[in-house]
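Working notes, beginning with the structure itself.
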Amino acid sequence: MHDSSIYLKLRLTLGTILVLVGLCLTFFVVGHSYLGLALAFFGILIFIYTWFRTARDKHPKLIRILKTILSIVLIIGTAYFAFLEVLIIRDARTDAEASPDYIIVLGAGVNGSTPSLSLTNRLNATLEYLEEHPDAIAIVSGGQGPGEDLTEAQCMYEWLTSHGIESKRVVRECKATSTEENLRFSREIIESLGGEATETVGIVSSEYHLHRAKLMAEAAGFTDVAGIAAKTSYPTLAVNYFIREAFGLTHFYVFGF
């Protein structure tokens with residue numbers, strides 16, 4: 001009985017810690033909301049299964065039914081989530097064998113006139129690619145959102161040219177407000193420059209986003225898409241965004257954008 005009591009306290013303590021840490025990450029640490037919610041979710045599950053254990057003697061049939069239903073839902077959900085993460089992780093890399101002449105740089109947030117951390121990561125990946133492929137042209141794509149003093153495209157253009165890339169190699173697409181528009185409007189620019197949707201086109205984005213970006217590029221009419229991965233700076237941020245991307249990919253499967 002004593003061992004059982006200690007075990008129960010340990011479970012409740014672990015659940016409490018996970019919920020508290022999860023809530024702190026969700027509400028007080030920028031860019032960690034999905035990681036925080038995941039930790040809080042695991043903490044709540046510990047509470048629920050602990051309750052199942054303590055209440056099973058009073059309501060054995062009800063507890064057995066509830067536990068079975070919840071376990072089945074969790075197994076199915078975990079399998080589906082794992083399936084999505086395999087797809088996401090598989091494409092979370094640069095396709096080194098491809099050397100497209102046109103690359104599309106997907107925009108991310110701008111803080112005033114300064115690129116956000118995610119956008120800086122994408123710009124560094126773009127800069128590296130353009131330096132290694134001196135004939136390549138970058139289409140920097142992104143409009144202006146709340147809290148941004150200039151368009152994402154203009155911010156990327158200024159950053160790249162200030163880091164030594166010739167202005168003629170950086171073409172701005174300043175209207176897009178979504179990834180779907182990034183790709184559709186960029187395709188129009190590439191075609192106006194003499195390129196074709198059938199030739200290999202590179203997509204520069206955060207590594208966790210590349211799988212969905214490739215699917216969206218194919219939906220926008222591109223037939224040969226190569227990924228150019230921008231690595232997320234911090235491991236905890238990467239975990240957060242890989243979790244979030246599973247929901248984004250589900251949204252794409254359901255709504256097509």
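Just so you know, these numbers come straight off a predicted model, no measurement behind them.
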* Asked: Is the cationic atom of R212 (NZ for Lys, CZ for Arg) positioned less than 6.0 Å from the six-membered ring centroid of F252 and within 45 degrees of its normal?
  -> no

* Do E181 and T177 get their side chains close enough for a donor-acceptor pair, meaning under 3.5 Å? -> yes

* To do: Report yes or no: do Y7 and R11 form a side-chain donor-acceptor pair below 3.5 Å?
  => yes

* To do: Report the distance from atom CD1 of I137 to atom OH of Y102, rounding to the nearest 0.5 Å.
  => 5.0 Å

* Asked: For the residue pair Y49 and F52, does the interplanar ring angle fall in the parallel (under 30°), tilted (30 to 60°) or perpendicular (over 60°) class?
  -> perpendicular

* To do: State whether the number of non-hydrogen atoms from other residues, nucleotides or ligands found under 6.0 Å of F83 atom CZ is greater than 12.
  => no

* To do: Output, in order, the C-alpha distance, side-chain angles, deciding distance and verdict of salt bridge (Lys or Arg N to Asp or Glu O under 4.0 Å) for R93 and D95.
  => CA-CA 6 Å; R93 59 179 178 80; D95 295 316; 3.1 Å; yes

* Asked: So, do W159 and L127 sit near enough that their side-chain heavy atoms are less than 4.5 Å apart?
  -> yes

* Between F255 and H251, what is the ring plane arrangement, given parallel below 30°, perpendicular above 60°, and tilted in between? -> tilted

* How about F42: does its CZ atom have over 12 heavy atoms from other parts shown lying under 6.0 Å from it? -> no

* To do: Treat each ILVMFWY residue as a node, draw an edge where side-chain heavy atoms are under 4.5 Å apart, and state whether I65 and I76 are in one component.
  => no

* **Hydrophobic cluster membership, L37 vs L25, 4.5 Å side-chain cutoff** => no

* From Q144, E173, M156, residue fulfilling side chain to side chain contact (heavy atoms under 4.5 Å, CB included) relative to T151 -> Q144

Please report, to 0.1 Å, the donor-acceptor pairs under 3.5 Å made by any side chain of residues 200-207, with sequence neighbours excluded.
| from | atom 1 | to | atom 2 | distance (Å) |
| --- | --- | --- | --- | --- |
| T200 | OG1 | D224 | OD2 | 2.6 |
| S205 | OG | H209 | ND1 | 2.7 |
| S206 | OG | R122 | NE | 3.1 |
| S206 | OG | R122 | NH2 | 3.2 |
| E207 | OE1 | T232 | N | 3.4 |
| E207 | OE1 | T232 | OG1 | 2.8 |
| E207 | OE2 | T232 | N | 3.1 |

* Answer yes or no on whether K175 is positioned over the face of F185, meaning its NZ or CZ is under 6.0 Å from the six-membered ring centre and within 45° of the axis. => yes

* Asked: Does F41 CZ have over 12 foreign heavy atoms under 6.0 Å away?
  -> no

* Count the heavy atoms of every other residue, nucleotide or ligand shown that sit under 6.0 Å from OH of Y234, and state whether that count exceeds 12. => no

* **Parallel, tilted or perpendicular: rings of Y208 and Y241 (30°, 60°)** => parallel

* Should we say atom NZ of K67 is surrounded by more than 12 heavy atoms from elsewhere, each under 6.0 Å from it? -> no

